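Okay, structure first, notes after.
No experiment lies behind these values; they were computed from the predicted model shown. We count ligands from 1, going down the list as the structure has it; atoms in each ligand are counted the same way. Heavy atoms only: backbone and side chains are in, while hydrogens, waters and symmetry mates are out. Numbering starts at 1 and runs along the sequence shown.
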Amino acid sequence: MKQNKRSNCNLQGNETNLRDKIVISRKQYQIQRRKRSNKTSEHPHAFQDHFNKLLGGIRFADFPYMSIPTLTSTFVGGEMAIRRAMSGRTAVVGARSMSSWWRSVEPAPKDPILGVTEAFLADPNPDKVNVGVGAYRDDNGKPVVLECVREAERRIAGHLNMEYLPMGGSVKMVEETLKLAYGVNSELIKDKRIAAVQALSGTGACRLFADFQKRFRPDSQIYIPVPTWANHHNIWRDAHVPQKTYHYYHPESRGLDFAAMMDDIKNAPNGSFFLLHACAHNPTGVDPSEEQWREISHEFKVKGHFAFFDMAYQGFASGDPERDAKSIRIFLEDGHYFGIAQSYAKNMGLYGQRVGCLSVLCEDEKQAVAVKSQLQQLARPMYSNPPVHGALIVSTILSDPDLKKVWLKEVKVMADRIIGMRTALRGNLEKLGSPLSWQHITNQIGMFCYSGLTPEQVDRLTNEFHIYMTRNGRISMAGVTTGNVEYLATAIHEVTKSASTC
Ligand code: KET
């Protein structure tokens with residue numbers, strides 16, 4: 001009884017407090033608003049400074065296919081949303097009604113890649129074509145489950161428990177994954193010099209590394225190629241690592257701007273972090289040659305730079321995962337310490353299983369143990385431990401020599417189908433009498449064709465022909481089939497025939 005009385009009393013007290021708070025907060029809010037409006041001449045400046053700092057070395061001119069709002073949200077979106085939310089909060093302090101919690105939250109801009117799939121799915125047109133997301137389709141346009149994966153699933157079914165994996169994930173899967181990148185007989189693996197954890201596919205591996213970089217090299221920046229996979233910018237932005245860019249693609253020659261890239265590598269402060277695509281560069285389909293990789297590796301050595309390889313397409317460049325690891329092997333020969341993000345989304349078709357690996361090459365076993373323990377500590381509060389099923393599929397396939405052979409054959413089949421579609425797309429465009437050169441379609445490698453189509457031409461393809469692709473003109477060749485290649489070529493010809501260049 002006594003207890004009740006006291007709590008009633010408290011309740012009334014709380015209500016009075018709340019009313020007081022509302023009155024006070026309104027007054028404070030008005031005072032703050034007045035203060036803010038007096039400061040208007042100073043405020044935009046302060047914000048501009050902060051904004052510039054966040055943008056780091058980003059040059060607006062490097063991203064002609066992104067509108068200023070998209071560019072802004074890509075690089076500083078999270079930061080701006082938080083600022084907006086915080087300024088909104090001032091008005092509701094002490095007067096939290098259920099409806100006011102998220103009033104200041106505005107819709108996030110659509111993802112430039114996954115947003116394309118959303119738009120494609122919403123289109124009822126039966127002739128629609130999706131060459132947006134980098135996901136492999138068979139020649140009937142259907143998603144593929146590899147035979148090696150089906151066999152692994154048969155073996156796994158009902159035989160294993162669903163207990164948590166350790167924070168670092170499946171040891172067996174990680175071990176097999178390291179062999180793919182560092183070599184089957186790598187001494188580094190035997191000497192336990194590689195700190196490696198299972199990651200939530202390639203994205204998770206990049207993010208874990210970005211967080212690790214921020215925690216242990218808090219003043220560092222990351223150099224990112226222009227262009228790159230759009231999500232790289234989001235990942236390092238959300239990890240609060242300032243971004244710089246380096247030259248990569250040369251639009252006129254549709255090849256690598258090697259000289260400018262080397263200049264940027266030379267001009268970066270010693271000991272800088274660089275993000276490199278290990279093979280099948282996304283979105284350009286342009287990779288350095290072996291000789292160029294050697295030069296890059298040499299210059300990294302001279303400058304003491306750290307290379308972080310994103311290897312999301314091992315096997316998709318040449319059809320052979322071993323050959324596609326060449327860039328990494330060159331860096332190994334030169335004695336670098338680097339990091340790698342690996343993914344089984346594409347080369348094993350395990351997109352939704354989210355299975356990948358982050359590895360960091362260390363000086364010795366002791367350092368590797370320390371680094372791994374820190375990677376695990378970063379993972380623990382984020383997702384605790386990674387999912388088990390995809391890891392089991394991968395370790396089942398790679399630890400059985402016969403099943404591994406089946407996988408290698410299937411990777412080659414996927415890569416070859418894409419190469420065939422490159423020839424077919426180019427051939428169809430030439431047959432239509434396109435006045436433009438489409439040689440780059442067959443010169444480029446990997447999953448994508450960086451077509452040179454402008455954002456306006458892409459919009460026409462979508463609006464008039466129901467063809468969906470990213471606005472930077474990237475065509476996912478994995479979505480091109482013998483059934484849609486002619487239609488695609490006709491539509492591309494239609495939107496480009498009056499252009500002097502594509
Ligand atoms: N790196 C690169 C270069 C990359 O293209 C992707 C995916 C990833 C990492 C991440 O893949 P994950 O599924 O996390 O292992 N790219 C395709 C899909 C996407 O945007 O998420 C794409 O570019 O279409």
Worksheet item: Should R207 and D211 count as an ion pair when the cut-off is N to O under 4.0 Å?
Response: yes
Practice prompt. Using a 4.0 Å heavy-atom cut-off, say whether A345 meets ligand 1 through its side chain, its backbone, both or neither.
Written response: side chain
Fill in: G202: numbered ligand 1 atoms lying under 4.0 Å from its heavy atoms
12 (P), 14 (O), 15 (O)
Discussion item. So for ligand 1, is L114 a polar contact partner (N or O within less than 3.5 Å, distance only)?
Written reply: no
Worksheet item: Looking at ligand 1, does Y313 have a heavy atom less than 4.0 Å from it?
Response: yes
Worksheet entry | Contact (N/O only, under 3.5 Å) between V133 and ligand 1 | no
Worksheet item: Looking at atom 24 (O) of ligand 1, what's its closest protein heavy atom, distance included?
Response: G134 N, 2.7 Å
Worksheet entry | Close N or O approach (S343, ligand 1; < 3.5 Å) | yes
Worksheet item: Is any side-chain N of the basic residue among E151 and R154 closer than 4.0 Å to the acidic one's carboxylate O?
Response: yes
Worksheet item: Distance under 6.0 Å and angle within 45° of the ring axis: does K346 meet both against Y351?
Response: no
Fill in: Atoms of ligand 1 close to N282 [distance to a heavy atom under 4.0 angstrom, numbered from 1]
4 (C), 5 (O), 23 (O)
Discussion item. Counting non-hydrogen protein atoms only, what is the nearest one to atom 12 (P) of ligand 1? Give residue, atom name and distance.
Written reply: S201 OG, 3.4 Å
Item to complete: Please confirm whether the backbone N or O of Y164 pairs with a side-chain atom of N385, one donor and one acceptor, at under 3.5 Å?
Response: no
Worksheet entry | Closest protein heavy atom to atom 20 (O) of ligand 1, given as residue, atom name and distance to 0.1 Å | W229 NE1, 2.9 Å
Worksheet entry | For atom 23 (O) of ligand 1, the protein heavy atom that lies nearest, with its residue and separation | R474 NH1, 2.8 Å
Discussion item. Is the contact between T203 and ligand 1 made by the side chain, the backbone, both, or neither, using heavy atoms and a 4.0 Å cut-off?
Written reply: both
Worksheet item: Could you give the distance from NE2 (H305) to CZ (F273), rounded to the nearest 0.5 Å?
Response: 11.5 Å
Worksheet item: Which protein heavy atom lies closest to atom 2 (C) of ligand 1, and at what distance to 0.1 Å?
Response: D310 OD2, 3.4 Å
Item to complete: Indicate yes or no: does D139 engage R417 in a salt bridge with an N to O separation below 4.0 Å.
Response: yes
Worksheet item: Okay, side chain of N140, backbone of K142: is any donor-acceptor separation there less than 3.5 Å?
Response: no
Discussion item. Less than 4.0 angstrom from a charged side-chain N to a carboxylate O is my criterion; do E290 and R294 meet it?
Written reply: yes
Worksheet item: Does R329 come within less than 4.0 Å of E322, counting only side-chain N to carboxylate O?
Response: yes
Item to complete: With atom 7 (C) of ligand 1 as the reference point, say which of M311, R354, K346, M447 has the nearest heavy atom.
Response: K346
Worksheet entry | Reported CD1-to-CZ distance for the pair I467 and R460, which is rounded to 0.5 angstrom | 11.5 Å
Discussion item. Is N231 close enough to touch ligand 1? Criterion: a residue heavy atom under 4.0 Å from a ligand atom.
Written reply: no
